[in-house]
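One structure is given here, and the rest of the page talks about it.
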Amino acid sequence: MLPDIRIAIVINPDLPLGLIANTASAIAIGLGARFPGLAAQSLTDREDRTIDISSNMPVPMLQADADTIRSLLLKALTQQEERAIVPFPAFARSLHDYREYEATFPGRDLAGETIDGLGIAGPSKWVKSLTGSLKLLR
């Protein structure tokens, strides 16, 4: 994992609350899978009860409309250093089997898709340059 890493998740605030939660959780799983060091740890309390941690760093939830999120995605994809880029395209909601998503994806053009959310993790300067002007999701 990168020594100077930052995370951000950007969600379209116009989505219904349940879809916001689903989008954020799916993106978070993708970020954790790409950089397991973000959470692949356990802690044990004094009574010897062990839990798996949720995250070892802050995960800001930011907001932007779909056009801004798509623009951020396309800018993020130009980053060549080690990074994670996890979009949640709106068309994925209509597919209830990952194999169908995997088969459909190569025929899609993300530049023309509605993107409901985006997670990025990578060098702090890069993440800040993409998300520094966005507001917290409220």
Side-chain angles (χ1 to χ4, degrees):
M1 191 169 77
L2 298 168
D4 178 36
I5 191 168
R6 181 177 284 268
I7 303 169
I9 295 178
V10 185
I11 304 290
N12 183 342
D14 294 332
L15 295 171
L17 185 58
L19 296 184
I20 287 174
N22 175 257
T23 301
S25 63
I27 289 170
I29 288 172
L31 292 173
R34 177 66 174 88
F35 289 121
L38 295 173
Q41 296 173 311
S42 298
L43 296 174
T44 303
D45 73 5
R46 71 177 178 213
E47 297 298 323
D48 205 31
R49 292 177 289 238
T50 301
I51 58 132
D52 300 306
I53 68 164
S54 56
S55 177
N56 60 16
M57 62 180 9
V59 183
M61 297 293 295
L62 307 171
Q63 62 178 319
D65 62 36
D67 290 338
T68 301
I69 295 172
R70 182 178 48 247
S71 176
L72 287 173
L73 168 62
L74 297 175
K75 287 178 189 174
L77 288 169
T78 65
Q79 168 71 359
Q80 298 303 309
E81 295 181 47
E82 187 175 16
R83 69 348 184 222
I85 300 171
V86 182
F88 194 111
F91 75 84
R93 288 198 201 289
S94 66
L95 307 172
H96 301 290
D97 182 327
Y98 176 75
R99 291 171 293 198
E100 188 178 356
Y101 177 76
E102 193 173 38
T104 302
F105 194 87
R108 301 287 187 152
D109 176 1
L110 291 176
E113 296 290 341
T114 299
I115 308 297
D116 287 344
L118 174 66
I120 57 174
S124 289
K125 185 176 179 181
W126 172 68
V127 174
K128 285 181 190 178
S129 73
L130 292 170
T131 63
S133 64
L134 300 178
K135 295 179 181 179
L136 287 174
L137 179 63
R138 300 199 186 268

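These numbers come from the heavy atoms of this one structure, side chains and all, not from hydrogens, waters or symmetry mates.
In this structure, the side chains of Ile120 and Val86 stay at 4.5 Å or more apart for every pair of heavy atoms. Residues Pro123 and Gln79 meet the side-chain proximity criterion, which asks for heavy atoms closer than 4.5 Å. By the 4.5 Å heavy-atom criterion applied to side chains, Ile115 and Phe88 are not counted as neighbours.
Annotation: salt bridge (charged side-chain N to carboxylate O under 4.0 Å, His left out) contacts of Arg70 (sequence neighbours excluded): Asp67. Listed by chain and residue number, Arg99 satisfy the salt bridge (charged side-chain N to carboxylate O under 4.0 Å, His left out) test with Asp97 (two or more places apart in sequence, or in another chain).
Between the side chain of Gln63 and the main chain of Met61, no donor-acceptor pair closer than 3.5 Å is present. Put simply, the side chain of Ser94 gets close to the backbone of Phe91: a donor and an acceptor are under 3.5 Å apart.
The nearest pair of heavy atoms linking Leu95 to Tyr101 is CD1-CA, 3.6 Å. Between Ile53 and Ala39, the shortest heavy-atom contact is CG1-O, 3.2 Å. Nearest heavy-atom pair, Ala66 versus Thr114, reported as atom, atom and distance to 0.1 Å: CB-CG2, 3.8 Å.
Considering CG of Leu73 and CD of Glu113, their distance stands at 10.5 Å, rounded to 0.5 Å.
Applying the ring-ring contact (aromatic ring centres under 6.0 Å, His included) definition to pairs two or more places apart or across chains, none involves residues 44-86.
A donor-acceptor contact closer than 3.5 angstrom is absent between the side chains of Thr50 and Ser42.
When Leu74, Asp116, Leu118 are each tested for a side-chain contact (heavy atoms from CB on, under 4.5 Å) with Ile69, only one passes: Leu118.
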Would you tabulate the side-chain donor-acceptor contacts of residues 27-38 under 3.5 Å, counting partners in other chains and residues two or more places apart, or write 'none'?
residue	atom	partner	partner atom	Å
Arg34	NE	Arg83	O	3.4
Arg34	NH2	Arg83	O	3.3

Enumerate, atom names and distances included, each donor-acceptor pair closer than 3.5 Å involving a side-chain atom of residues 7-22, sequence neighbours excluded.
residue	atom	partner	partner atom	Å
Asn12	OD1	Asp14	N	2.9
Asn22	OD1	Arg93	NH1	3.1

Mind listing the side-chain donor-acceptor pairs of residues 126-138 below 3.5 Å, one per line with the distance, residues two or more places apart or on another chain?
residue	atom	partner	partner atom	Å
Ser129	OG	Trp126	O	2.7
Thr131	OG1	Val127	O	2.8

